[in-house]
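Notes follow the structure.
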Amino acid sequence: MTVATQHPESFLPLTQPVFHILLALASGEKHGYAIMQEVESMTHGQFKLGPATLYSSIKRLLASGLIKESDERPDPEMDDQRRRYYHLTGLGGQVLEAESHRLANLVAVARARQVMTFS
């Protein structure tokens, strides 16, 4: 099955690192270190991506067509030329949305069973 014909649900469930990377890229393109910082910020320090996990995940996300390396580069005087910038593809956005719905449904079940008492 080619990337163009894959259904978002076929990628689920996502691993924690992959979900966090896609979520970090939902607000716009970022380079690897910025992704690591965004994940740490989003999770209030509860989840930290190490470089090995980040770049092995990025490699798989690129291969599966969920993210793409940006062709545009910032001004070299304002940025390090060695940095690679990544952004979500359409499929990547669909997979992120599908996983977000899946997780929201689980949270709804937890609330219904009074496992979670806060809103």
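Computation of the quantities below employed the complete heavy-atom set of this structure, encompassing side-chain atoms and omitting hydrogens, waters and symmetry-equivalent molecules. This one's a predicted model, so the numbers in the text were calculated from it and none came from an experiment.
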Ser56: partners by side-chain contact (heavy atoms from CB on, under 4.5 Å), with sequence neighbours left out | Arg60

Mind checking what makes ring-ring contact (aromatic ring centres under 6.0 Å, His included) contact with Phe47, not counting sequence neighbours?
-> His20

State plainly whether one hydrophobic cluster holds both Leu103 and Leu96, where clusters connect Ile, Leu, Val, Met, Phe, Trp and Tyr through side-chain heavy atoms under 4.5 angstrom apart.
-> yes

Minimal non-hydrogen separation, Ala26 against Leu88, with atom names | CA-CD1, 3.7 Å

Between Phe19 and Ser100, is any pair of side-chain heavy atoms under 4.5 Å apart?
-> yes

Who passes side-chain hydrogen bond (donor to acceptor under 3.5 Å, both in side chains) against Gln94, sequence neighbours left out?
-> none

pair Ile21-Tyr86: side-chain heavy atoms closer than 4.5 Å | no

What pairs with Glu99 under salt bridge (Lys or Arg N to Asp or Glu O under 4.0 Å), at least two apart in sequence or on another chain?
-> Arg102

Between Tyr33 and Tyr55, the two heavy atoms sitting closest are N-OH, 4.0 Å

Between Thr89 and Gly65, what is the shortest heavy-atom contact and its length?
-> OG1-O, 2.6 Å

Can you pull the salt bridge (Lys or Arg N to Asp or Glu O under 4.0 Å) pairs that have at least one residue in residues 45-59, sequence neighbours excluded?
-> Glu40-Lys48

Main-chain N/O of Ala34 paired with His31 side-chain donor or acceptor, under 3.5 Å | yes

Report the distance from atom NE2 of His7 to atom CG of Leu12, rounding to the nearest 0.5 Å.
-> 12.5 Å

By side-chain contact (heavy atoms from CB on, under 4.5 Å) - contacts of Val107 (at least two apart) = Arg111, Met116

Residues which pass salt bridge (Lys or Arg N to Asp or Glu O under 4.0 Å) with Glu9, listed by chain and number, not counting sequence neighbours = none

Residues two or more places apart in sequence or in another chain: which of them pass side-chain contact (heavy atoms from CB on, under 4.5 Å) with Ala24?
-> Ile35, Glu38, Val39, Met42

side-chain hydrogen bond (donor to acceptor under 3.5 Å, both in side chains) involving Lys68 - partner list, sequence neighbours excluded | none

Would you please name every residue forming a side-chain contact (heavy atoms from CB on, under 4.5 Å) with Ala108, sequence neighbours left out?
-> none

Closest heavy-atom contact between Leu54 and Gly32?
-> CD2-O, 3.3 Å

Where do Leu91 and Ser64 come nearest, in terms of heavy atoms and distance?
-> CD2-O, 4.2 Å

Pairs satisfying ring-ring contact (aromatic ring centres under 6.0 Å, His included), at least one member in residues 87-113, at least two apart = none

Those residues at least two apart in sequence (or on a different chain) that pass side-chain hydrogen bond (donor to acceptor under 3.5 Å, both in side chains) with Ser27 are Lys30

Nearest 0.5 Å please: distance from the CE atom of Met36 over to the OG1 atom of Thr53.
-> 9.5 Å

